Amino acid sequence: MQFKHPELLYALLLLIIPILVHLFQLRRFQKVDFTNVAFLKSVTIQTRKSSQIKKWLTLITRLLVFTAIILAFAQPYFSKNDSLKLESETVIYLDNSFSMQAKGTQGELLKRAAQHILESNYENEVLTIYTNNSTLKKSDSKTLKNELLQLSYSSIQLDYNAVILKGKELFSKNNSTRKNLILISDFQQLDNQIEVKSDSSIHINLVQLKPVNTNNVSIDSLYISNINSSTIELKANLKGNKNSLVNLPVSLFSDNNLIAKSSIDDISNSSTTFSIPNNIKINGKITIDDTSLQFDNSLFFNINESSKINVLSINETSDSFIKRIFTEDEFILQSVLVSRLNFNDISKQNLIILNELKSIPLSLTNTLQNFTKNGGIVLVIPSLKADLSSYNQALSKMSNITLSNESVGDKNVTSINYSHPLFNAVFNKQVSNFQYPIVHSFYTLNTQESAVLSFEDNKPFLSQSNNVFVFAASLNTQNSNFIDSPLIVPTLYNMGRMSLKSPKLYYYIGEDNNFDVTTNMQQDAILKLKFENTEIIPQQQTFSNKVSVTTDETPEIAQTYAITNNDVILEHISYNYNRLESNLSYQDLSAIQNVSLSNSLPELLTTIKSDNNINALWKWFVILALLFLIIEMLILKYFK
């Protein structure tokens, strides 16, 4: 038995006072002479004996009354815990990521866990339950029931350390409550291991739920493997148990119409190929039939009508190499002499190339400054006899790069920044023995930006700052063989592709996705993503001839969405759930410290509820005090 206020037990020492009062007879007896005392002596002896018994019984009952009252005020109780915390807080993390779709012995892991919580008899208590994308803070049983029965899966999987941190923040600041944090998950293998710091105020319980079958087949990725004038080949990569992949039907749909079907025949191969006509729009979907996880059985994609990229080359030298790269099938190339430049054409472009101008006029500088602010890209190829003053005046308004110190002497271009967007998808591996381009005369690029291409002395040959690319040397054949090297094509071609980020085949929900939509927007008009009754306004920035769109957590549902402007469909874009949840491998929790592990959620909930129960006894002691008081009154009235 424990006491909430044990300091009141010191009052039991005061019980010595009535004992002293009864031991010392404070009333004095007076002697009275009487003629015949023989009979009275026997009566006196009997009366004194009866009086002593009555006094002792009265003393005992009064002591018991005071003892019961003192114990009642000290508030005794029985509890499994050493310290008294009459209130308890329970916070539960319920993992609703897609991997919880896997089936355990009693059905889907998430649905069964939600049912166990509802059956745990928390009707008279308040719980806080949070998932990867929602929080039910201090909800009653009725609210919990409605929400848990309608709980849906989420494409978001929080890091488990972040889950623990968020759970701790959901507790109150009251130090007198017992706090239990329960994490219910399959605890998939993630990059970060779970680390729990010691915290005596919060008891952390991990409940790991595992499926019966860990074999799962998923559509991992889709890409264009080959393209020609008449057809496009799409290759779908599947992931899963090799035996499960063989003879697995793979279907290709376009706008819910089945247009092709295939399967994997070879156990060593985990991909299949579809061929579709070129130059057509398609809102497609690849599907498989797998009984494990359902979210990765479909992959949405779309192919829009290709938007050609506008390129303007302003020349004072030959532009033949530019025309070979920016061909009519993907680009609309306009090539003019600087003396015949129409400034009204600049705002319509995506990429502008200043091809070896001797000087950059101030009027062109101001126009290019507005052009780059509106998202356009400028490539500067300096002339052999460039007016550095006009160049630097223009560059200072558009970038953090300046030119200085023309030098004469052969120098090789030897280093490639493979992580730069121009080259990150060009090379399968880093090349160290290619034929190095050479220049005979060059300038020094003054910049703090990292180089895209570098000379052998690590000084920049090509640098980027903001939306401006600058070469350190003239590219004409008299000064350099760079335009004859393999680097010229990916360098300039990818600049053109960067100037207008056309949507990919598909994007993953939860990632930072960026793409451009070619359109002229009216004032206050906005682009929307639409699918049936779902309408989303993404983050967007409007330029003169395009709109740059950014999405991350939205949309939440995998599907192909229409990009609309005032209900006019401009093109489509597809989103899919990330495939990280498809990997059914799990963490070993046995090495984690400062937590309690459990494989049975009902047992854990029952144990916590039992630990939270406190049997308060003060009412019984009040009843005892009243009972002893009644006994005392009966003794005083009826005991003779």
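All values derive from a computational prediction rather than experimental measurement. Residue numbers start at 1 and run along the sequence shown.
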With no hydrogens and no angle check, is any side-chain donor or acceptor of N583 less than 3.5 Å from a backbone partner on E581? no

State, without any angle test, whether T90 and N180 hold a side-chain donor-acceptor pair at a distance under 3.5 Å. no

Search all heavy atoms of K168 against all heavy atoms of K197 and return the closest pair with its distance. NZ-O, 4.2 Å

side-chain hydrogen bond (donor to acceptor under 3.5 Å, both in side chains) between N174 and S172, intermediate numbers included: CA-CA 5 Å; N174 187 355; S172 69; 5.3 Å; no

Is the number of heavy atoms from other residues, nucleotides or ligands within 6.0 Å of NZ (K235) greater than 12? no

Pairing residues for Y506 by the ring pair (Phe, Tyr, Trp, His ring centres under 6.0 Å) criterion, not counting sequence neighbours: Y508

Side chains of D290 and S292: is there a donor and an acceptor less than 3.5 Å apart? no

Chi angles and distances behind the side-chain hydrogen bond (donor to acceptor under 3.5 Å, both in side chains) call for S548, D516: CA-CA 4 Å; S548 292; D516 296 335; 2.8 Å; yes

Partners passing salt bridge (Lys or Arg N to Asp or Glu O under 4.0 Å) against K239 (at least two apart in sequence or in another chain): D220

For S465 and N400, which heavy atoms make the closest approach, and how far apart are they? OG-N, 2.9 Å

Trace of the side-chain hydrogen bond (donor to acceptor under 3.5 Å, both in side chains) decision for T287 with S298: CA-CA 4 Å; T287 65; S298 300; 5.6 Å; no

Measure from NZ or CZ of K285 to the centre of the six-membered ring of F253 and say whether it is under 6.0 Å with the direction within 45° of the ring axis. yes

Checking side chain to side chain contact (heavy atoms under 4.5 Å, CB included) between Y130 and each of I92, L136, T135, N96, which is the one that passes? T135

Audit row: T560, N283, side-chain hydrogen bond (donor to acceptor under 3.5 Å, both in side chains) steps and yes/no: CA-CA 7 Å; T560 296; N283 298 324; 5.5 Å; no

Polar side chain donor-acceptor pair, T551 to T554, under 3.5 angstrom: no

Heavy-atom side-chain proximity of L183 to D95 below 4.5 angstrom: no

Would you say the rings of F187 and Y586 are close, in the sense that their centroids are separated by under 6.0 Å? no

Closer than 3.5 angstrom, by distance alone: can the side chain of Q587 be matched with the main-chain N or O of Q188 as a donor-acceptor pair? yes

Do the ring planes of F295 and F98 sit parallel (below 30°), tilted (30 to 60°) or perpendicular (above 60°)? parallel

Could you grab the distance from atom CG of L299 to atom CG of N576, nearest 0.5 Å is fine? 4.0 Å

Kindly compute the distance separating CG (N133) from OG (S155), expressed to the nearest 0.5 Å. 8.0 Å

Can L222 and I286 be said to form a side chain to side chain contact (heavy atoms under 4.5 Å, CB included), step by step? CA-CA 9 Å; L222 178 74; I286 303 287; 4.3 Å; yes

Does one side chain, of Y153 or E108, offer a donor that lies under 3.5 Å from an acceptor on the other? yes

For I194 against N161, the heavy-atom pair lying closest together: CA-OD1, 3.5 Å

Any side-chain donor paired with an acceptor under 3.5 Å for Y93 and N132? yes

To the nearest 0.5 Å, tell me how far M495 CE sits from M498 CE. 8.0 Å

Option passing ring-ring contact (aromatic ring centres under 6.0 Å, His included) with Y507 (candidates F301, F515, F300): F515

When you compare the side chains of T272 and S262, does any donor N or O come within less than 3.5 Å of an acceptor on the partner? yes

Does CD belonging to E233 count more than 12 external heavy atoms closer than 6.0 Å? yes

Does a donor on one side chain and an acceptor on the other come within less than 3.5 Å for D552 and T550? no

Name the atoms and distances for all side-chain donor-acceptor pairs under 3.5 Å in residues 530-541, with sequence neighbours left out.
from	atom 1	to	atom 2	distance (Å)
K530	NZ	E535	OE1	3.3
K530	NZ	D567	OD1	2.5
E535	OE2	K528	NZ	3.2
Q540	OE1	L527	N	2.8
Q540	NE2	L527	O	3.0
Q540	NE2	P538	O	3.1

With rounding to the nearest 0.5 angstrom, report the CG to OH distance, N513 to Y575. 5.5 Å

For a quick test of reading the model, state the closest non-hydrogen atom pair linking L148 to I129 and the distance between them. CD1-CD1, 4.1 Å

What's the shortest heavy-atom distance between V91 and G167, and which atoms? CG1-O, 4.1 Å

At their closest point, which heavy atom of S198 faces which heavy atom of N594, and how far apart are they? N-ND2, 3.4 Å

